[in-house]
Amino acid sequence: MAPNAHAKPVLRAADPSAGAALVRQCAGKEDFSDPAPPARIFANVWYVGTCTVSVLLLTSPKGHVLIDAATAQAAPSIVANIKAAGFKPRDIRWIVTSHEHFDHVGGLAALKRATGAKVAALEAAAPVLASGRVSADDPQVQEIHGFDPVEVDRKLVNGDKVQIGTIVLTARATPGHTEGSTSWSWTSCARASCQKFTYLDSLSALALGTYRFAQHPERVAMFKQTFAAVEQWQCGIVLTPHPGASGMLERMEGSEPLLSAKGCGPIVQAARERLAKIENK
């Protein structure tokens with residue numbers, strides 16, 4: 001018997017040709033709003049975001065969920081992508097978010113209007129979303145602009161679930177990058193193959209202006225607590241708010257496996273090393 005006769009087959013994206021088209025269109029693009037074509041990742045999980053900012057569409061016969069909203073300028077292309085993928089924007093029941101920066105929630109108000117969906121977010125994120133102003137405690141507040149405010153219809157705590165049809169999303173608080181930073185986990189099935197997904201929010205410590213982490217030990221402690229929590233997770237297929245943070249485009253085009261045994265580990269390690277370099281500066 002061959003040594004690898006019983007090895008599990010490598011899991012690839014559902015539609016590598018669509019992933020390849022996305023990679024071609026996005027080559028050299030860096031703007032947060034550059035439009036990208038939709039691509040099916042696996043089962044009911046679709047990429048409908050821009051070249052550099054993820055927006056995910058999770059579908060079910062009873063309604064859909066949108067994860068993140070990219071920028072205000074990107075909202076029309078996101079709606080177009082939902083339609084191009086074969087779904088009706090008005091069938092989206094919930095929109096949930098990662099963190100409250102303009103490149104991920106700038107289009108939230110517009111997409112809420114376009115879809116009629118309700119918005120669910122952690123309690124820590126809700127005041128920022130409602131005001132459209134970056135938190136005064138945010139390490140990037142001095143140089144990052146705000147966004148159109150949006151009403152939060154349901155305020156969540158860590159571990160709460162957002163459910164519609166067969167979609168069951170679990171909110172996982174991962175504060176640090178922002179106070180309301182939220183990761184999401186769920187399971188999607190293609191026939192007999194069921195895969196756990198983790199949409200891992202940014203773990204990156206980034207200070208702008210005169211902000212210094214050495215002057216904010218509470219923020220450093222927040223990051224370290226999040227790192228310790230995430231490294232204990234069984235992440236499954238890892239997706240991220242910026243595709244480049246987890247090699248999403250390479251995995252969507254099939255040049256890399258969709259599922260890695262390393263899970264969230266490499267992202268946590270890189271974030272921990274980044275923080276270690278700047279926490280005392």
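By convention here, the first residue in the shown sequence is residue 1.
Between F223 and F227, the ring-plane angle classifies as tilted under the 30° and 60° cut-offs.
Using modelled atom types, no side-chain atom of H177 and backbone atom of L203 make a donor-acceptor pair closer than 3.5 Å. The closest donor-acceptor contact from the side chain of D160 to the backbone of T170 lies at 3.5 Å or more, if one exists at all. Distance alone, capped at 3.5 Å, places no donor-acceptor pair between the S60 side chain and the I167 backbone. Proximity of a side-chain donor or acceptor of R212 to a complementary backbone N or O of K281 within less than 3.5 Å is not detected. With hydrogens and angles disregarded, a donor-acceptor distance shorter than 3.5 Å links the side chain of S181 to the backbone of T174. Checked by atom type and distance alone, the side chain of T50 pairs as donor or acceptor with a backbone atom of F32 at under 3.5 Å. Under the 3.5 Å distance criterion, the side-chain polar atoms of D201 are left unmatched by any main-chain donor or acceptor of S183. Formation of a donor-acceptor pair under 3.5 Å by the N44 side chain with backbone atoms of L58 is not found in this model. Looking only at distances, a side-chain donor or acceptor of K29 sits under 3.5 Å from a matching main-chain atom of Q25. Under a 3.5 Å cut-off, the side chain of T198 and the backbone N or O of L200 do not form any donor-acceptor pair.
Counted by atom type alone, H216 and D137 present zero donor-acceptor pairs between their side chains at under 3.5 Å. Side-chain atoms of H101 and D138 form a donor-acceptor pair, as typed in the model, at a separation below 3.5 Å. In summary, the side chains of S246 and R251 do present a donor paired with an acceptor at a separation below 3.5 Å, with no hydrogens or angles considered. No side-chain donor-acceptor contact under 3.5 Å links T187 and K196. No side-chain donor-acceptor contact under 3.5 Å links E100 and S135. Counted by atom type alone, S188 and W186 present one or more donor-acceptor pairs between their side chains at under 3.5 Å.
Between F87 and W46, the ring center distance clears the sub-6.0 Å criterion. Centroid-to-centroid, the aromatic rings of H104 and F147 stay 6.0 Å apart or farther.
Hydrophobic clustering (side-chain heavy atoms under 4.5 Å, transitive across Ile, Leu, Val, Met, Phe, Trp, Tyr) groups V53 together with V134. In this structure, V230 is a member of the same hydrophobic cluster as L275, with clusters built from ILVMFWY side-chain heavy atoms closer than 4.5 Å. Residues I82 and V96 fall into different hydrophobic clusters, defined by Ile, Leu, Val, Met, Phe, Trp and Tyr side chains chained together at heavy-atom separations under 4.5 Å. Side-chain heavy atoms closer than 4.5 Å link hydrophobic residues (I, L, V, M, F, W, Y) into clusters, and following such links, even through other members, never connects W184 to I267. Linking Ile, Leu, Val, Met, Phe, Trp and Tyr whenever their side-chain heavy atoms come within less than 4.5 Å leaves L122 and L129 in two separate clusters.
Salt-bridge annotation for K224 and E279: present, with a side-chain N of the basic residue lying under 4.0 Å from a carboxylate O of the acidic one. One finds a salt bridge joining K112 and D153 here, because a Lys/Arg side-chain nitrogen approaches an Asp/Glu carboxylate oxygen to under 4.0 Å.
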So R12 and E256, salt bridge (charged side-chain N to carboxylate O under 4.0 Å, His left out) or not? Walk me through it.
-> CA-CA 8 Å; R12 301 286 180 181; E256 295 290 340; over 6 Å; no
Report the C-alpha separation of I67 and T97 in whole Å, then their side-chain angles, then the decisive distance to 0.1 Å, and conclude whether the side-chain contact (heavy atoms from CB on, under 4.5 Å) test is met.
-> CA-CA 6 Å; I67 304 179; T97 62; over 6 Å; no
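Checking each of D68, T240, T178 against S98 for a side-chain hydrogen bond (donor to acceptor under 3.5 Å, both in side chains) leaves exactly one that passes, namely D68. When each of V45, I41, L66, V65 is checked for a side-chain contact (heavy atoms from CB on, under 4.5 Å) with L57, only L66 meets the rule.
Stacking of R172 on the aromatic ring of W233 is recorded, both the 6.0 Å distance cut-off and the 45° axial limit being met.
Taking CD from Q140 and OG from S204, the interatomic distance works out to 8.0 Å, rounded to the nearest 0.5 Å. A distance of 6.5 Å separates CD1 of I78 from OG1 of T71, quoted to the nearest 0.5 Å.
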